[in-house]
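Note that these values count all heavy atoms, side chains included, but never hydrogens, waters or copies made by symmetry.
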Amino acid sequence: MLPTGEDEARHTSNPPAQRTPYWEVLELDHPGHLECYRCKKLHHINDALAHLKAKPWTKCGKDDQKLQMARYIHPEFNSTIFRMIIKQSRQGKDVGDVIGLLSYRGKVDIKKSQVAQMISDPRIIGGRLLMRSQTRYIVSPSEAARTLLLNQDLLDCPHNGKFAVDNIRATQRLAWRFEMHKEIGRQEHIINCRCDACPTEFDIFLERFEGQGIVLFIVEWQDIGTGLAPLDKELQPVIGARPSGIHDSEVFGIIEYESPRARFEGVPSGESMEAAPATLTSNEREKLFKVHSSWQAKLFRCKDRIIWPIEA
């Protein structure tokens, strides 16, 4: 049976100086299991594979949907697997053979009339899960398609929207470069920024592949946290339902945090991070541009030219 609020009250009755954080006590009580307050069960921490294909209608799956983890982390992120793996890591176990369950390699797809692909890589550093996600868009020579690409949340986290300051700056700079797309060099940095309300950083850059085209890269680094507390309210604010209204630091408040980008990339404190991370392998580039040349992508670009005057 999982501990109740009464158990926590008994723990917190001890003097603060003698008190061990409650979730750390709970973890020591169940070294081989994970406390799941969603389905009121103890999951064995070695059963990560059993949860890999968790059905969306289960209690764990519904909570992941409610917190929009598929949107703000990646489409296959499973919070139960995350907590299982990071608990094994805290116990000193080698998680190299299972941490790949938290990664994502999306197929090249036509997303919102854009040829796009998303990949995500996890890394546990200092007892915390850090994620680096990269979304790639082929920049179409069509003005209509480029305009529709910019008409979305490029910097997507629960505290940024289409009209957030950083997103507007990014789209304005991209729009200026798209107007002179023939002059875009081998690789051009557009903007890097960080969210004030959650430990998330972004970097945007363009890269030209001679004879093929230009690719827009949006890279995101996130600190997902320790996974120690089983309560959703204690999860990092990098996920969660986006409330309606204005999305800026005046609404959510500013938090201080150590750079997830610097920690993930192993950049020493104070060193410049202007250089963009490695981009596409030859195989990845071939797959991306193959879809771009497909009849489906051409059909969508034709549709863009028709609906663009209306949306504009």
Side-chain (Y72) to main-chain (L67) donor-acceptor, under 3.5 angstrom: no

What about I204 and L150, same hydrophobic cluster or not, with Ile/Leu/Val/Met/Phe/Trp/Tyr joined at side-chain heavy-atom distances under 4.5 Å? yes

Between F82 and L129, the two heavy atoms sitting closest are CD1-CD2, 3.4 Å

Rounded to the nearest 0.5 Å, what separation is found between the SG atom of C157 and the CD atom of E220? 7.5 Å

Is it the case that R261 places NZ or CZ above or below the six-membered ring of F202, under 6.0 angstrom from the centre and within 45 degrees of the axis? no

Would you say F163 has more than 12 foreign heavy atoms packed within less than 6.0 Å of its CZ? no

Between L149 and M118, is there shared hydrophobic-cluster membership here, with clusters defined by ILVMFWY side-chain heavy atoms closer than 4.5 Å? no

Could you work out, with side chain to side chain contact (heavy atoms under 4.5 Å, CB included) as the rule, every residue matching Q172, not counting sequence neighbours? I168

What verdict does the side-chain contact (heavy atoms from CB on, under 4.5 Å) test give for Q117 and L288, after you've listed the backbone C-alpha separation in whole Å, the side-chain angles of each residue and the deciding distance to 0.1 Å? CA-CA 8 Å; Q117 182 186 31; L288 198 62; 4.2 Å; yes

Are I73 and V98 co-members of a hydrophobic cluster defined by side-chain heavy atoms under 4.5 Å apart? yes

Ignoring hydrogens and geometry, is there a side-chain-to-backbone donor-acceptor pair from R208 to I214 under 3.5 Å? no

Any side-chain to backbone donor/acceptor pair from R128 onto T226? Under 3.5 Å, distance only. no

Hey, are the side chains of P199 and P237 touching, using non-hydrogen atoms and a 4.5 Å cut-off? yes

Closest non-hydrogen atoms of C195 and H159, given as atom of the first, atom of the second and distance, are SG-ND1, 3.6 Å

Tested for side chain to side chain contact (heavy atoms under 4.5 Å, CB included) against K162, the lone hit among D153, L154, L155 is D153

Is any side-chain heavy atom of V215 less than 4.5 Å from a side-chain heavy atom of R285? no

Are any of the side-chain heavy atoms of N167 and N160 separated by less than 4.5 Å? no

Taking atom CD1 of I191 and atom OG1 of T171, what is their separation to the nearest 0.5 Å? 9.0 Å

Would you mind reporting whether S120 and M131 have side-chain heavy atoms less than 4.5 Å apart? yes

Calculate, to the nearest 0.5 Å, the distance between atoms CD1 and CG belonging to I190 and L216 respectively. 8.0 Å

Specify whether F289 and F209 have parallel, tilted or perpendicular ring planes, treating 30° as the upper limit for parallel and 60° as the lower limit for perpendicular. perpendicular

Work out which heavy atom in I255 is nearest to a heavy atom in A197; give both atom names and the distance. CD1-O, 3.6 Å

Is the shortest heavy-atom distance from the side chain of Q187 to the side chain of L206 under 4.5 Å? no

Check whether more than 12 heavy atoms from other residues, nucleotides or ligands sit under 6.0 Å from atom CD of Q212, and answer yes or no. yes

Could you tell me if the side chain of V291 sits less than 4.5 Å from the side chain of D109, heavy atoms only? no

Report the distance from atom OG of S89 to atom CG of D94, rounding to the nearest 0.5 Å. 9.0 Å

Is Y137 close to I218 at the side-chain level, that is, under 4.5 Å between some pair of heavy atoms? yes

Output yes when D223 and R263 qualify as a salt bridge under the 4.0 Å nitrogen-oxygen rule, no when they do not. yes

Do R136 and I119 touch side chain to side chain, with heavy atoms closer than 4.5 Å? yes

Closest contact, heavy atoms only, F264 versus I125: CA-CD1, 4.0 Å

Using the rule that Ile, Leu, Val, Met, Phe, Trp and Tyr join whenever any side-chain heavy atoms are under 4.5 Å apart, tell me whether V108 and V219 fall into a single cluster. yes

side-chain contact (heavy atoms from CB on, under 4.5 Å) between L102 and F77: does it pass, once the steps are laid out? CA-CA 6 Å; L102 298 174; F77 189 84; 4.2 Å; yes

Search all heavy atoms of W221 against all heavy atoms of E265 and return the closest pair with its distance. NE1-OE2, 2.9 Å

Rounded to the nearest 0.5 Å, the NZ atom of K290 sits from the NE2 atom of H292 at a distance of 15.0 Å

Go through it in stages, so that I can follow the logic: the residues are S259 and E201, the test is side-chain hydrogen bond (donor to acceptor under 3.5 Å, both in side chains), and I'd like the CA-CA distance, side-chain angles, deciding distance and then a yes or no. CA-CA 8 Å; S259 167; E201 294 180 280; 2.6 Å; yes

May I ask you to decide whether D203 forms a salt bridge with R132, counting only side-chain N to carboxylate O separations under 4.0 Å? no

Within this structure, what is the CE-CD distance for the pair M69 and E76, rounded to the nearest 0.5 Å? 15.0 Å

I'd like to know whether R146 forms a side-chain contact (heavy atoms from CB on, under 4.5 Å) with V139, so could you lay out the CA-CA distance, the side-chain angles of the two residues, the decisive distance to 0.1 Å, and finally the verdict. CA-CA 6 Å; R146 295 198 305 266; V139 179; 3.7 Å; yes

